[in-house]
Protein chains: 2
Amino acid sequence: MENSEITILLVDDEPDILEFLGYNLGREGYKVLKAKNGQKALNLIKQHRPHLVILDVMMPVMDGMETCLEIRKNPDIADTLIIFLTARGEDYSQIAGFEAGADDYITKPIIPKVFVSRVQALLRRLKEVPKNTSIITLKGFTIDKSRYIVIKDDQEISLVRMEFELLLFLVSQNGKVVSRDKIFDNVWGEDVIVGDRTIDVHIRRIREKLGISSIKTVKGIGYKFWEG
Amino acid sequence: MENSEITILLVDDEPDILEFLGYNLGREGYKVLKAKNGQKALNLIKQHRPHLVILDVMMPVMDGMETCLEIRKNPDIADTLIIFLTARGEDYSQIAGFEAGADDYITKPIIPKVFVSRVQALLRRLKEVPKNTSIITLKGFTIDKSRYIVIKDDQEISLVRMEFELLLFLVSQNGKVVSRDKIFDNVWGEDVIVGDRTIDVHIRRIREKLGISSIKTVKGIGYKFWEG
DNA sequence: ATAATGGTTAAATAATCGTTAACTTATTAG
DNA sequence: CTAATAAGTTAACGATTATTTAACCATTAT
């Protein structure tokens with residue numbers, strides 16, 4: 001996930017702090033929302049579903065602790081990440097904060113770089129791309145085995161089963177020339193017999209979709225997947 | 001997940017600290033492992049796969065920072081949670097710590113209750129039952145698990161149970177192609193036997209409600225949830 | 001009880017994919 | 001240069017696979 005896809009809501013009654021934190025997070029590319037009390041924060045959260053809420057503990061109307069509890073109480077938004085802001089040295093209030101369901105606790109005075117680091121540490125796991133075991137990245141394109149697509153210039157190209165399997169086999173030989181016989185044995189199986197033009201037709205269709213240079217012919221020998 | 005199922009590895013060269021932290025975490029029910037330097041820690045991590053590692057920054061043989069980098073470098077254990085321990089006031093070493101991939105940073109002197117609170121805050125999300133996100137937001141629409149409803153262009157579309165479950169399964173595979181067999185096993189269950197056209201009919205009804213492009217057919221392979 | 005709803009089935013229809021055949025174009029050997 | 005061989009192209013066929021439709025029970029609701 002990109003930073004620009006991540007929304008952070010800042011909640012503090014002091015406009016200066018809002019401005020200061022917003023500036024620092026904005027510089028990292030995050031989308032930033034602001035609210036000046038817990039009540040307004042809750043409305044914004046329900047509406048915009050931010051990924052992270054940074055709450056000042058001390059606020060009029062509805063303080064940070066109370067806001068945090070409200071967030072955790074509502075199943076729709078309960079999994080929102082929450083960071084508390086508080087004055088230094090109030091160790092006991094930290095405990096209360098975590099018990100209310102905070103994910104982190106940052107003490108004032110705030111040092112921009114430290115602040116941003118903590119935010120990033122908390123968001124890091126959000127950004128992780130779900131593990132994809134089946135993606136092959138080549139020079140010109142990416143093959144996604146599990147989705148049956150090839151991505152070229154940010155374009156999704158879908159191949160049909162036979163094309164995909166043939167391509168996959170050629171790619172798996174990383175650049176080596178493979179004879180038609182080997183291709184037949186590996187893609188079709190030793191016992192299946194098909195005409196000799198069958199491969200050509202599939203190769204042609206792959207070339208049509210991925211570009212003429214994707215597969216190179218070595219006349220009299222076989223084919224190879226293009227490399228550099 | 002229960003506390004007793006969660007393993008925490010403590011790494012510090014001072015036996016007293018190890019003892020002190022271990023006692024406090026043990027009281028909460030966590031399983032605790034101990035190592036007196038980064039090198040030994042790495043071996044233990046590979047062997048026991050703890051959920052959280054608490055690393056003292058200052059250590060002989062292999063310091064915390066280096067250990068952290070090693071953990072993040074190894075894909076098998078890279079997702080282990082990491083907390084750094086350091087002396088108070090070194091704000092800038094915090095930044096280095098987070099950049100090395102830490103998830104939290106605790107400064108000495110350590111106050112037991114605060115320490116435990118931070119650990120719990122970090123582990124809280126680990127304990128959550130995975131399937132409790134009742135709302136899934138996709139590109140084109142939103143799925144509300146709790147109400148069996150899909151929202152598309154501000155329109156509430158209601159699917160019946162089977163349609164909903166099939167959709168949910170497809171969505172949960174995020175874009176991967178799933179064979180009919182897998183769909184049967186996961187949506188209907190291994191022992192239930194229904195005709196082969198049953199899936200098609202449900203797919204058809206989902207497409208009718210959510211648009212033809214919501215589910216894509218990969219002929220001969222299976223279906224996949226569309227992702228633009 | 002009757003009606004409505006949901007899940008499944010069967011059968012008809014449609015689309016697609018893999019293959020083939022016939023033909024054209026390259027490449028190589030004699 | 002010509003013949004022979006190998007690969008490329010095209011369009012069409014047919015088998016397979018998917019879609020659609022409507023009807024049928026079994027549940028659940030009225």
Side-chain angles (χ1 to χ4, degrees), chain A residues 145 147-150 156-170 177-226, chain B residues 145 147-150 156-170 177-226:
Chain A
K145 230 176 152 181
R147 292 181 177 73
Y148 267 80
I149 50 170
V150 174
E156 276 191 14
I157 300 163
S158 59
L159 307 187
V160 299
R161 192 172 57 86
M162 218 70 242
E163 291 160 14
F164 201 82
E165 253 148 50
L166 175 51
L167 175 69
L168 224 48
F169 175 64
L170 290 178
V177 182
V178 233
S179 70
R180 300 168 94 85
D181 279 350
K182 263 219 168 82
I183 293 175
F184 279 130
D185 284 358
N186 283 279
V187 180
W188 274 263
E190 316 234 3
D191 35 283
V192 183
I193 329 164
V194 288
D196 25 344
R197 300 271 65 71
T198 303
I199 286 184
D200 305 49
V201 174
H202 287 301
I203 294 274
R204 195 195 154 282
R205 287 175 182 163
I206 294 172
R207 284 174 173 161
E208 192 172 45
K209 288 178 179 176
L210 303 189
I212 188 73
S213 62
S214 55
I215 294 170
K216 205 168 175 263
T217 306
V218 182
K219 200 161 172 137
I221 310 292
Y223 294 98
K224 70 169 177 179
F225 187 79
W226 177 80
Chain B
K145 270 186 189 175
R147 291 193 295 158
Y148 270 48
I149 272 174
V150 175
E156 282 191 4
I157 299 164
S158 62
L159 307 186
V160 300
R161 200 185 105 251
M162 218 69 245
E163 291 160 15
F164 199 81
E165 251 146 52
L166 175 51
L167 175 68
L168 223 49
F169 175 63
L170 255 23
V177 179
V178 254
S179 69
R180 300 171 104 83
D181 279 350
K182 266 225 168 77
I183 293 175
F184 278 131
D185 284 358
N186 284 281
V187 180
W188 274 264
E190 316 232 6
D191 35 282
V192 182
I193 328 164
V194 287
D196 7 342
R197 301 270 65 74
T198 303
I199 287 184
D200 306 47
V201 174
H202 287 300
I203 294 274
R204 194 195 154 280
R205 288 175 181 161
I206 295 171
R207 296 216 260 232
E208 192 171 46
K209 290 177 180 177
L210 304 188
I212 188 74
S213 63
S214 54
I215 294 170
K216 204 169 176 265
T217 306
V218 181
K219 204 168 173 135
I221 308 294
Y223 294 98
K224 68 174 173 179
F225 186 80
W226 179 80

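All values reported here derive from a predicted model rather than from experimental measurement. First the proteins, then the strands, lettered A, B, ... as listed; each starts at 1.
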Do L170(B) and I203(B) have side chains that get closer than 4.5 Å, going by heavy atoms?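 Sidechains of I203(B) and L170(B): in contact.
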
Would a 4.5 Å heavy-atom cut-off, applied to side chains only, mark F169(A) and D185(A) as touching?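 No, side chains not in contact.
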
Under 4.0 Å: is that the gap between some side-chain N or O of [X] and OP1 or OP2 of [N]?
| X | N | result |
| --- | --- | --- |
| T198(A) | dT20(C) | yes |
| R161(B) | dG7(C) | yes |
| H202(A) | dT19(C) | yes |
| W188(A) | dG18(C) | no |

Please say whether more than 12 non-hydrogen atoms of neighbouring residues, nucleotides or ligands are located less than 6.0 Å from NZ in K182(B).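 Open.
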
Qualifying residue for side chain to side chain donor-acceptor pair (under 3.5 Å) with E163(A), from H202(A), K209(A), R205(A):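 Answer after filtering H202(A), K209(A), R205(A): K209(A).
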
Without placing hydrogens or testing angles, list every side-chain donor-acceptor pair under 3.5 Å for residues 212-223 of chain B, not counting sequence neighbours.
residue: S214(B); atom: OG; partner: G211(B); partner atom: O; Å: 2.8
residue: T217(B); atom: OG1; partner: R207(B); partner atom: NH1; Å: 3.4
residue: T217(B); atom: OG1; partner: R207(B); partner atom: NH2; Å: 3.4

Take the protein atom NZ of K219(B) and the nucleotide atom P of dA14(C), then report the distance between them rounded to whole Å.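 Taking atom P of dA14(C) as the reference, NZ of K219(B) is at 14 Å.
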
dA14(C) C1' sits how many Å from D200(B) CG, rounded?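 After rounding, the gap between these two atoms is 13 Å.
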
Run the ring-ring contact (aromatic ring centres under 6.0 Å, His included) test against F164(A) and tell me which residues pass, sequence neighbours left out.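 Per chain and number, F164(A) pairs via ring-ring contact (aromatic ring centres under 6.0 Å, His included) with Y148(A).
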
Would the base of dT5(C) count as contacting R205(B) through its side chain, where contact means a donor and an acceptor less than 3.5 Å apart?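 Flag unset: no donor-acceptor pair detected.
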
Just checking Y223(A): base, sugar-phosphate only, or nothing, at a heavy-atom cut-off of under 4.0 Å?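 Contact class for Y223(A): sugar-phosphate only.
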
Under a criterion of less than 4.0 angstrom to any heavy atom of chain A, what are the 5'-terminal and 3'-terminal contacting nucleotides of DNA chain D?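 Answer, 5' to 3': dA6(D) to dA12(D).
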
Residue met sooner reading DNA chain C from 5', once I193(B) and R197(A) are mapped to nucleotides: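 Its nearest nucleotide being more 5', the pick is I193(B).
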
